[in-house]
Amino acid sequence: QDRPKIELNSVDRKSKVIQLVDFKQVYDELRQDSSYKFAGEFFELKEVGKDQTTEASLLSANRGKNRYTNILAYDKTRVKLGATDDDPGSDYINANFIAGNNSKREFIATQGPLPGTKEDFWRMCWEQNTPIIVALCQVVERGRIKCDHYWPYDSDPEWVGSDLQLVMERESTLPNWTERDFILTKGETSRRIKQYHFTVWPDNGVPSSLEPLVKFVRQVRFEMNRFLDRGPTIIHCSAGVGRTGTFVGFDRLLQDYENKSYVDIFGMVYEMRMSRCLMVQTEAQYICLHELVYDLQMGKYNFDRD
Ligand SMILES: CCc1ccc(NS(=O)(=O)O)cc1
């Protein structure tokens, strides 16, 4: 009688495992009646993580460092910059560590840098030994500035802080994304950083076709797997939650599809939202994660062609 009583009928509120053999049926059920069940499931995620503190984000010294007043960084998972003694809030950047399939800090999700946080962004790149930056928004979208142009326009070296020099060595524009190679130098040490900039993803939405995004995510994963000895991959969009969370979801699901017999999309988004607010911001993005697995099940993508 002293053993813990197992709640046989307890419902695990944090996951909804779907066996891949059942996925088409489950997906069709969720989509019925104008995706009524998708809406209900997405609503269950609404408050997840929101009881956590964001005190650093709210410090008066840091308020100007947040692009959006309602997108703040949870204290528990925030990335801390090396503080400078005399500046309160000098360790702050609106960025959180996000788990991937391979480590608890595989990614850093952050907002699109502001003019006033561009140097903090590159300091974070250096301090975290980041090899890859994934940019998922354009500098201007529908006439609104969504992200600072935080990288050089040409190959002239730029100072991005008192002791960091940045050079763009290469820029290659493809139909759906641009690749840029940077060299970031501090003193006598230089590091290569590659930026993958996806340029066809509308804010608050999903790309018109998933195939370019699938190819993009696979290309980034291929490159990430070359730098397992380096630090987290930095991902940003404008707020660093909607498109950024969906990208992480794509990366994890493409691996899960190859390595597991099930997926747990609800549980994956739940876990992300415990680390950063609003990760996978819209219902359309949540449905898009399911559409990816459905398309994979239906054999829509022939990766051998890549
Ligand atoms: C209102 C704050 C906000 C702005 C933009 C986004 N979309 S994004 O996270 O995909 O950039 C999400 C939230």
Side-chain angles (χ1 to χ4, degrees), residues 95 97-98 100-103 105-113 118 121-122 124-126 128-141 146-155 160 166-184 191-203 205-255 279-280 285 288-289 292 301 303 305-306:
F97 289 109
I98 304 294
N101 282 351
N102 308 289
S103 90
R105 292 187 163 189
E106 191 161 14
F107 299 104
I108 288 173
T110 188
Q111 64 183 25
K118 162 181 168 180
F121 176 85
W122 286 110
M124 176 169 69
C125 281
W126 181 266
Q128 296 297 326
N129 190 18
T130 286
I132 294 167
I133 297 168
V134 177
L136 299 172
C137 68
Q138 299 190 75
V139 170
V140 178
E141 295 176 342
K146 294 301 183 78
C147 177
D148 186 47
H149 194 292
Y150 59 87
W151 62 94
Y153 287 90
D154 53 35
S155 57
V160 286
L166 178 67
V167 173
M168 180 168 67
E169 208 179 37
R170 167 184 167 269
E171 182 175 51
S172 168
T173 299
L174 304 168
N176 297 298
W177 69 81
T178 298
E179 297 180 7
R180 299 182 181 96
D181 293 337
F182 301 121
I183 295 178
L184 190 60
R191 292 177 187 156
R192 290 188 177 281
I193 297 175
K194 200 175 189 72
Q195 185 200 51
Y196 285 95
H197 187 182
F198 196 74
T199 52
V200 290
W201 195 338
D203 196 358
V206 295
S208 50
S209 160
L210 295 192
E211 187 158 8
L213 180 56
V214 172
K215 288 180 182 287
F216 177 75
V217 174
R218 283 171 51 82
Q219 175 58 44
V220 172
R221 172 48 58 185
F222 176 81
E223 195 71 18
M224 284 177 68
N225 289 343
R226 296 179 58 227
F227 294 105
L228 297 176
D229 60 328
R230 296 275 298 271
T233 294
I234 290 177
I235 313 177
H236 76 80
C237 37
S238 183
V241 297
R243 290 168 281 189
T244 294
T246 307
F247 177 95
V248 173
F250 266 60
D251 177 65
R252 298 189 68 171
L253 287 171
L254 285 169
Q255 295 172 75
M279 291 288 273
V280 186
Q285 290 166 347
C288 172
L289 294 175
L292 169 66
Y301 305 116
F303 295 134
R305 285 199 309 265
D306 283 9

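Just so we're clear, the structure is a prediction, and the values are computed from it rather than from any experiment.
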For R230, salt bridge (Lys or Arg N to Asp or Glu O under 4.0 Å) partners two or more places apart:
none
Going by the rule salt bridge (Lys or Arg N to Asp or Glu O under 4.0 Å), which residues pair with D181 if we only count those two or more places apart in sequence or in a different chain?
R170, K194
Can you list the residues that meet the salt bridge (Lys or Arg N to Asp or Glu O under 4.0 Å) rule with E141, with sequence neighbours excluded?
K146, R243
Please identify each residue that fulfils side-chain hydrogen bond (donor to acceptor under 3.5 Å, both in side chains) with N176, with sequence neighbours left out.
none
Working to the nearest 0.5 angstrom, can you tell me the gap between T130 OG1 and Q195 CD?
12.5 Å
Sequence neighbours left out, what passes ring-ring contact (aromatic ring centres under 6.0 Å, His included) with F121? Give chain and number order.
Y150
Partner residues of F250 under the ring-ring contact (aromatic ring centres under 6.0 Å, His included) criterion, sequence neighbours left out
none
How would you list, by chain and number, every residue that makes a ring-ring contact (aromatic ring centres under 6.0 Å, His included) with W201, sequence neighbours excluded?
none
Listed partners of Q219 passing side-chain hydrogen bond (donor to acceptor under 3.5 Å, both in side chains), at least two apart
Y196
Partners meeting ring-ring contact (aromatic ring centres under 6.0 Å, His included) with F222 (sequence neighbours left out)
none
Apply salt bridge (Lys or Arg N to Asp or Glu O under 4.0 Å) to R105 and list each qualifying residue two or more places apart in sequence or on a separate chain.
none
Output all residues satisfying side-chain hydrogen bond (donor to acceptor under 3.5 Å, both in side chains) with T233, sequence neighbours left out; order by chain, then residue number.
none
Quick one: side-chain hydrogen bond (donor to acceptor under 3.5 Å, both in side chains) partners of E106, sequence neighbours excluded?
N102, R221
